[in-house]
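Taking it in order: structure first as structure tokens, then the write-up.
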Amino acid sequence: MTISTRAERIVILTGAGLSAESGLGTFRDKDGLWTRYDLNEVATPEGFARNPVLVHEFYNARRANMLAASPNAAHHALADLQQFAPARVTLVTQNIDDLLERAGAREVIHMHGELTRALCAACGHRWDAPEAMQPADPCPACGAKATRPDIVWFGEFPYHMERIEAALANADLFVAIGTSGNVYPAAGFVQEAAFAGARTLELNLEASANAGLFDETRLGPASRIVPDWVAEMRS
Ligand code: NAD
């Protein structure tokens, strides 16, 4: 007997593994972008204060990679599930790319921000990011030259936590896809959902750090195991 196909309120958490087969590196890739940069220098507020040019260079490269990439079968399957399943499907992602949206998914909750958005560090105004950003770009609202990517860095609070907590408290099925279970608070969502009574399923290439917390784990590449699971949910 596999995880219930009769779920009514599904919360899906996705991580870098969802976009790996679209060519966007995970943290763990041997040759990935992340390995060529020190995370403390490019993904912290302190790093941005020290060297905003380097930080913009890093995210400009990631934005270029994202724009050159296409959604894979796993992104499309999740968008289909959201559209066709009788269940309410809440998509929460740690990914800062827009591949779920480009596959047709709606109301994706980006808890770690989005490469497509810019944020003024001076006044908090947000706007659509250009393809390449620079520290000297003025904020369209206040004019300050304090433009940063609208990304949640290490040491900052993830976005939309109230919405996510509410969805987890009401979920009857929680599914984690392509996430290593190392980065909190997302790594704790499986326990929150389980405490609230949800069944829990992990879909991953390799078992995550907290695989033992899930009711069921299925291993394989996202482009195969996610469409297989969605087909089951629709049957
Ligand atoms: P992670 O790099 O820590 O873990 C990646 C996970 O994906 C691993 O569990 C791995 O087994 C799995 N994986 C790799 N290839 C896969 C495939 N083809 N199919 C299925 N699973 C596969 O990434 P994470 O857990 O998302 O870490 C969270 C942090 O990584 C977040 O802060 C996020 O913003 C950041 N991140 C985002 C992107 C992106 O936006 N595309 C890319 C890299 C890192």
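Side chains of L213 and Q191 form a contact here, defined as non-hydrogen atoms less than 4.5 Å apart. Between F154 and P45 the shortest side-chain heavy-atom distance does not fall below 4.5 Å. Contact check for T90 versus R163: no side-chain heavy atoms found under the 4.5 Å cut-off. At least one side-chain heavy atom of V190 sits under 4.5 Å from a side-chain heavy atom of N210. Side-chain contact between E41 and L54 is present, with heavy atoms from C-beta onward closer than 4.5 Å. Using a 4.5 Å cut-off on side-chain heavy atoms (C-beta onward), L115 and I151 make contact. The closest side-chain heavy-atom distance from V183 to H112 is below 4.5 Å.
Judged by distance alone, with hydrogens and angles left aside, the side-chain atoms of N51 form no donor-acceptor pair with the main-chain N or O of G47 at under 3.5 Å. E202 contributes no side-chain N or O that, together with a main-chain N or O of A176, makes up a donor-acceptor pair within less than 3.5 Å. The backbone N or O of D97 sits nowhere less than 3.5 Å from a side-chain atom of N95 that would complete a donor-acceptor pair. Of the possible polar contacts, one joining the H56 side chain to the T147 backbone as a donor-acceptor pair under 3.5 Å is found. Between the D172 side chain and the A198 main chain, no donor and acceptor come within less than 3.5 Å of each other. Panel note: side chain R102, backbone P71; no donor-acceptor pair is recorded below 3.5 Å.
Around CD of E165, the count of heavy atoms belonging to other residues, nucleotides or ligands within 6.0 Å exceeds 12.
A continuous path of ILVMFWY side-chain contacts below 4.5 Å connects M66 to Y59, so both sit in one hydrophobic cluster. Residues L119 and F58 fall into different hydrophobic clusters, defined by Ile, Leu, Val, Met, Phe, Trp and Tyr side chains chained together at heavy-atom separations under 4.5 Å. No single ILVMFWY cluster, assembled from side-chain heavy atoms under 4.5 Å apart, contains both L13 and I10. By the rule that hydrophobic residues join a cluster once side-chain heavy atoms approach within less than 4.5 Å of another member, I164 and I96 end up as members of separate clusters. Transitive grouping of hydrophobic side chains (ILVMFWY, heavy atoms separated by less than 4.5 Å) keeps L168 and I12 in distinct clusters.
Between D137 and K145 no salt bridge is recorded (no basic side-chain N to carboxylate O distance below 4.0 Å). Using a 4.0 Å cut-off between a side-chain N of Lys or Arg and a carboxylate O of Asp or Glu, E57 and R62 do not qualify as a salt bridge.
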side-chain hydrogen bond (donor to acceptor under 3.5 Å, both in side chains) between T200 and D215, intermediate numbers included: CA-CA 5 Å; T200 55; D215 294 316; 3.3 Å; yes
Step-by-step side-chain contact (heavy atoms from CB on, under 4.5 Å) determination, T93 to M111: CA-CA 6 Å; T93 189; M111 60 181 293; over 6 Å; no
Test log, rule salt bridge (charged side-chain N to carboxylate O under 4.0 Å, His left out), inputs E8 and R6: CA-CA 6 Å; E8 288 174 6; R6 293 186 306 277; over 6 Å; no
From CA spacing to verdict: side-chain contact (heavy atoms from CB on, under 4.5 Å), F157, V152: CA-CA 7 Å; F157 288 109; V152 176; over 6 Å; no
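By the 30° and 60° cut-offs, the orientation of the rings of W153 relative to F48 is tilted. Relative ring orientation between F189 and F174 is described as perpendicular, the plane-to-plane angle rising above 60° on a 0-90° scale split at 30° and 60°.
A donor-acceptor pair shorter than 3.5 Å can be found between the side chains of T179 and Q94. S22 and N72 are linked by a side-chain donor-acceptor pair at a separation below 3.5 angstrom, with hydrogens and angles left out of the test. Side-chain atoms of E101 and H110 include a donor-acceptor pair closer than 3.5 Å. A donor-acceptor pair shorter than 3.5 Å can be found between the side chains of R63 and N60.
Put simply, the residue from L219, D228, L18, V175 that forms a side chain to side chain contact (heavy atoms under 4.5 Å, CB included) with L203 is V175. For the side chain to side chain contact (heavy atoms under 4.5 Å, CB included) with T14, the lone residue among V108, L100, L99, V92 that qualifies is L100.
Heavy-atom minimum distance, A209 versus G181: CB-O, 3.8 Å. Taking every heavy atom of both residues into account, P227 and R224 meet most closely at CD-O, 3.4 Å.
For the atom pair CZ (R117) and CE (M133), the distance works out to 11.0 Å, reported to the nearest 0.5 Å. Atom CG of residue N204 and atom CD1 of residue I177 lie 9.5 Å apart, to the nearest 0.5 angstrom.
By the 6.0 Å and 45° rule, R234 does not stack over the aromatic ring of W229. Y159 carries R126 over the face of its six-membered ring, with the cationic atom under 6.0 Å from the centre and within 45° of the normal.
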